[in-house]
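Take a look at the structure set out below.
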Amino acid sequence: MGVLAIAKASDQVFERLVSGMESRFGRSAAEGLARQFIEAEGADFYWEARLRERWLGGYESLEEESEGALDRVAVFGLLDGVYYIAVLLVDGLGGIDALLGLRRFERSEDAMRAFEIAR
């Protein structure tokens with residue numbers, strides 16, 4: 001599967017969210033609501049829409065209540081037609097704990113460059 005095919009499949013995360021809301025709210029409202037939903041619950045969407053991921057290292061919480069080991073993972077992806085990189089906290093089962101950082105890019109090359117140097 002080529003990079004463009006993978007990117008198109010990744011961007012379908014947004015389209016699936018919109019189509020789920022479209023019958024109830026209409027296309028325009030569904031797109032706006034989907035964008036608001038992604039902003040509020042973004043970490044899971046950025047994880048699901050990733051094209052690549054890279055382990056950055058373990059994460060040690062300052063809180064004593066931490067329930068297990070977490071890793072810092074950089075992801076590169078495409079969501080709603082915009083390339084991004086994000087740094088997420090991920091548990092050993094691939095569950096998302098938190099979104100630590102997010103940058104959006106117009107060009108995939110710029111996003112990939114930022115992904116490659118993420119620390």
Side-chain angles (χ1 to χ4, degrees):
M1 182 180 283
V3 173
L4 291 177
I6 293 170
K8 182 175 170 69
S10 176
D11 203 30
Q12 289 176 357
V13 170
F14 179 77
E15 286 302 318
R16 286 192 306 266
L17 181 60
V18 169
S19 70
M21 297 180 184
E22 190 173 15
S23 64
R24 184 165 185 187
F25 302 107
R27 181 72 183 180
S28 293
E31 287 180 358
L33 288 170
R35 287 186 181 100
Q36 287 180 345
F37 192 73
I38 288 170
E39 286 302 314
E41 302 293 331
D44 290 320
F45 287 98
Y46 292 116
W47 179 253
E48 291 301 320
R50 72 193 184 281
L51 298 171
R52 291 190 54 196
E53 64 185 78
R54 186 166 62 84
W55 183 77
L56 299 176
Y59 177 81
E60 292 188 32
S61 175
L62 298 176
E63 300 175 17
E64 292 180 26
E65 304 163 0
S66 183
E67 293 187 20
L70 296 173
D71 293 312
R72 292 175 50 252
V73 178
V75 295
F76 160 82
L78 177 67
L79 185 62
D80 190 19
V82 178
Y83 291 94
Y84 67 88
I85 68 157
V87 176
L88 304 163
L89 288 183
V90 181
D91 67 23
L93 300 174
I96 305 306
D97 188 73
L99 173 65
L100 298 178
L102 173 68
R103 290 182 59 195
R104 295 179 178 100
F105 300 86
E106 290 182 17
R107 297 173 358 120
S108 64
E109 296 85 5
D110 296 336
M112 182 55 72
R113 201 168 309 123
F115 170 77
E116 290 170 349
I117 63 170
R119 299 279 175 239

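Position 1 is the first residue of the sequence; numbering continues from there.
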Quiz item: Got Phe105 and Met112 here, is their nearest side-chain heavy-atom distance under 4.5 Å?
Solution: no
Self-check item: Aromatic ring pairing Tyr83/Phe76, orientation class (parallel under 30°, perpendicular over 60°, tilted between)
Solution: parallel
Give every donor-acceptor pair under 3.5 Å between a side-chain atom in residues 93-104 and any protein atom, sequence neighbours left out.
from: Arg104; atom 1: NH2; to: Glu39; atom 2: OE2; distance (Å): 2.6
from: Arg104; atom 1: NH2; to: Tyr46; atom 2: OH; distance (Å): 2.9

Quiz item: With the threshold set at 4.0 Å, does a side-chain nitrogen-carboxylate oxygen contact exist between Glu109 and Arg113?
Solution: no
Exercise. Drop me the distance from Leu88's CG to Asp44's CG, to the nearest 0.5 angstrom.
Key: 9.0 Å
Exercise. Check Arg54 against Ala118 and note the closest heavy-atom contact, atom names and distance.
Key: NH2-O, 2.7 Å
Quiz prompt | Minimum side-chain heavy-atom gap Val73-Trp47 below 4.5 Å | solution = yes
Practice problem: Check whether any side-chain heavy atom of Leu89 lies under 4.5 Å from a side-chain heavy atom of Arg72, and answer yes or no. | Solution: yes
Self-check item: Ionic contact status for Glu22 with Arg16, cut-off 4.0 Å
Solution: no
Practice problem: Quick one: pull up CG in Leu79 and CG in Leu17 and give me the separation to the nearest 0.5 Å. | Solution: 9.0 Å
Self-check item: Heavy-atom pair of closest approach, residues Glu53 and Phe115
Solution: C-CZ, 3.8 Å
Exercise. Can you see which heavy atom on Val18 is nearest to which on Ala30, and at what distance?
Key: O-CB, 3.7 Å
Practice problem: Could you check Arg50 against Tyr84 for side chain to side chain contact (heavy atoms under 4.5 Å, CB included), going step by step and ending with a plain yes or no? | Solution: CA-CA 9 Å; Arg50 72 193 184 281; Tyr84 67 88; 4.2 Å; yes
